[in-house]
Amino acid sequence: MSFLKALIIHPDREVSATLREYLAKEEQIKILGEAMTSFEALELLENIAYDVFFLGIDLPNGVDGIELAQILNQRKQRPALVFIASDEHMAFKAFEVGATDYLLWPFPKARLQKTIERLLRVSPQLRIIERSKLKKSEDDETVHIALGEEEEDLIIKALRQAWDYKQYKQVEIEKLPINQDGKLLLIPYNQIVFVEAFEDYSYVHTANDKYLTSYRLKNLEERLRQYRFFRVHRKYLVNLDMVTEIASLPGSNFMLRTAGKKRIELPISRRRIGELKQILGL
């Protein structure tokens, strides 16, 4: 029987368990994995073409649910998105990034029926399922969308990984995932020279390239701080290993220069210069 392949992405085990329980008897939807962070979800999506994500807003490790949606929107195909939140304050933003539905936790089980109805309207696969049911009732014919052996193997492999939380906690790659023209690029942290804030987005600069990402600067600051990145200005986050010079300017202002053929000069805010000097042992 055909069904929508769903992934739950939420850091709260109680929410995930309850949602899994609610959906257990729904024929149109099967939960094929759980994740706690956006990065885990993106890794699973590389192996399984999920049809729908049930995801939280406040996801850990630097990329929240809204930012995950922005990343997914850069792909040619992405799953439908059903957000689960504790209040309404991000609802407008969620629909702005393409949400199919926005559920307030805790929600009654009956509320999921409306969600499924909405998924039915936007999902080509669910429309096929509904047409197959209708046809069966009329002339006793059935439409099957079977999974191939290769896809089944991928699902089983991904499920084992998704349910092995200890394994995920041990994995830490020092690379930043960036969607670019439908591809997921992994930029090593040590190749990033600096990050520049751009409204709710950011530019990631390497020695040779510049990438527009959906990451907010504050999220990257939290993620990269332990890798010797420092926020020198409200707009700039710098890889300290790339800094070659700090210079004073008239008016008690400061700036820094970075290494490489293309040397970059960035301002240092006055309130951060003291901490920066302390970190660098100056």
Side-chain angles (χ1 to χ4, degrees), residues 11 36-40 42 56-71 74 89-90 93 96-97 169-180 184-282:
M36 299 182 72
T37 70
S38 297
F39 303 107
E40 293 173 4
L42 290 171
I57 294 288
D58 297 321
L59 300 180
N61 291 1
V63 178
D64 63 25
I66 297 296
E67 291 167 326
L68 174 59
Q70 291 169 335
I71 292 172
Q74 298 179 39
H89 81 281
M90 292 299 291
K93 186 69 175 179
E96 192 176 56
V97 297
K169 290 179 181 177
Q170 294 171 354
V171 172
E172 185 173 356
I173 58 173
E174 296 181 5
K175 297 179 181 179
L176 186 67
I178 295 177
N179 273 280
Q180 196 76 11
L184 184 65
L185 305 179
L186 296 174
I187 309 299
Y189 293 161
N190 60 13
Q191 292 184 13
I192 298 173
V193 179
F194 72 100
V195 183
E196 176 185 6
F198 177 69
E199 297 179 348
D200 289 335
Y201 304 89
S202 63
Y203 284 107
V204 172
H205 296 257
T206 64
N208 300 312
D209 294 296
K210 175 182 177 182
Y211 304 98
L212 177 61
T213 77
S214 58
Y215 298 110
R216 293 176 181 169
L217 193 66
K218 68 175 184 179
N219 298 132
L220 288 181
E221 181 184 10
E222 294 173 0
R223 177 171 178 165
L224 298 175
R225 183 183 295 120
Q226 62 179 314
Y227 299 99
R228 295 177 56 78
F229 281 72
F230 182 77
R231 191 163 179 174
V232 296
H233 187 274
R234 64 180 178 80
K235 287 189 63 178
Y236 301 108
L237 179 68
V238 178
N239 183 346
L240 293 178
D241 290 334
M242 296 285 188
V243 176
T244 59
E245 183 180 346
I246 294 178
S248 60
L249 301 174
S252 300
N253 294 313
F254 293 86
M255 53 82 70
L256 61 81
R257 291 191 177 93
T258 64
K261 294 181 179 178
K262 184 179 179 181
R263 300 174 66 188
I264 306 296
E265 295 184 350
L266 298 175
I268 306 172
S269 67
R270 293 180 184 178
R271 70 185 184 91
R272 296 180 186 273
I273 186 63
E275 185 180 357
L276 177 60
K277 285 184 175 180
Q278 186 176 17
I279 292 173
L280 296 176
L282 301 176

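Scope of the values below: all heavy atoms of this structure, side chains included, with no hydrogens, waters or symmetry mates. In this text, all values refer to a predicted model and were calculated from it rather than measured experimentally.
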| field | Distance in Å, Lys235 NZ paired with Ser269 OG, rounded so as to fall on 0.5 Å steps | value | 13.5 Å
| query | Is there side-chain contact between Arg231 and Lys218, with at least one heavy-atom pair below 4.5 Å? | reply | yes
| query | Any side-chain heavy atom of Gln70 sitting closer than 4.5 Å to one from Tyr201? | reply | yes
| Hey, mind stepping through Phe198 and Leu212 against side chain to side chain contact (heavy atoms under 4.5 Å, CB included) and telling me if it holds? | CA-CA 9 Å; Phe198 177 69; Leu212 177 61; 4.1 Å; yes
| Pair listing, salt bridge (Lys or Arg N to Asp or Glu O under 4.0 Å) test, anchored in residues 265-279, at least two apart | Arg257-Glu265
| task | List the atom of Pro267, the atom of His233, and the distance in Å for their closest heavy-atom pair. | result | O-CB, 3.7 Å
| field | Side-chain heavy atoms of Phe230 within contact of Leu240, under 4.5 Å | value | yes
| message | Please report the interatomic distance OG(Ser38) to CG(Asp64), rounded to the nearest 0.5 Å. | response | 7.0 Å
| Taking the side chain as C-beta and beyond, is there a heavy-atom pair between Leu176 and Leu186 under 4.5 Å? | no
| So do Thr37 and Val63 actually touch side chain to side chain, heavy atoms under 4.5 Å? | no
| Do the non-hydrogen side-chain atoms of Asn239 and Val193 ever get within less than 4.5 Å of each other? | no
| said: Can you classify the ring geometry of Phe229 versus Tyr189 as parallel (below 30°), tilted (30 to 60°) or perpendicular (above 60°)? | reply: perpendicular
| request: Please tell me if the side chains of Pro11 and Leu59 come closer than 4.5 Å, counting only heavy atoms from C-beta onward. | output: yes
| message | Looking at Gln278 and Gly274, would you say the former's side chain and the latter's main chain have a donor-acceptor pair under 3.5 Å? | response | no
| message | Side chains of Val195 and Tyr236, heavy atoms from C-beta outward: is any pair under 4.5 Å? | response | no
| Residue pairs involving residues 204-213 (criterion salt bridge (Lys or Arg N to Asp or Glu O under 4.0 Å); sequence neighbours excluded) | none
| remark: Taking every heavy atom of Ile66 against every heavy atom of Met90, the minimum-distance pair comes out as CG1-CE, 3.6 Å
| task | Taking Thr213 for its side chain and Ile178 for its backbone only, find out whether a donor-acceptor pair lies under 3.5 Å. | result | no
| query | Taking all non-hydrogen atoms of both residues, which atom of Met36 and which atom of Pro60 are closest, and how far apart? | reply | O-CD, 3.2 Å
| said: Could you measure the distance from the CG atom of Leu256 to the CD1 atom of Ile246? Nearest 0.5 Å is fine. | reply: 6.0 Å
| said: Would you compute the distance between atom CD of Glu196 and atom CG of Leu266 and round it to the nearest 0.5 angstrom? | reply: 8.5 Å
| message | Run the side chain to side chain contact (heavy atoms under 4.5 Å, CB included) test on Glu174 and Asn190 for me, step by step, so that the C-alpha distance in whole Å, both residues' side-chain angles and the decisive distance to 0.1 Å come before the verdict. | response | CA-CA 8 Å; Glu174 296 181 5; Asn190 60 13; over 6 Å; no
| query | To the nearest 0.5 Å, what is the distance between NE2 (His89) and CD1 (Ile57)? | reply | 7.5 Å
| Neighbour count above 12 (heavy atom, 6.0 Å) for Phe254 CZ | yes
| note | Scanning both residues in full, the closest heavy-atom pair of Leu249 with Met255 reads CD1-CG, 3.6 Å
| query | Between OG1 of Thr244 and CD1 of Ile264, what distance do you get to the nearest 0.5 Å? | reply | 11.0 Å
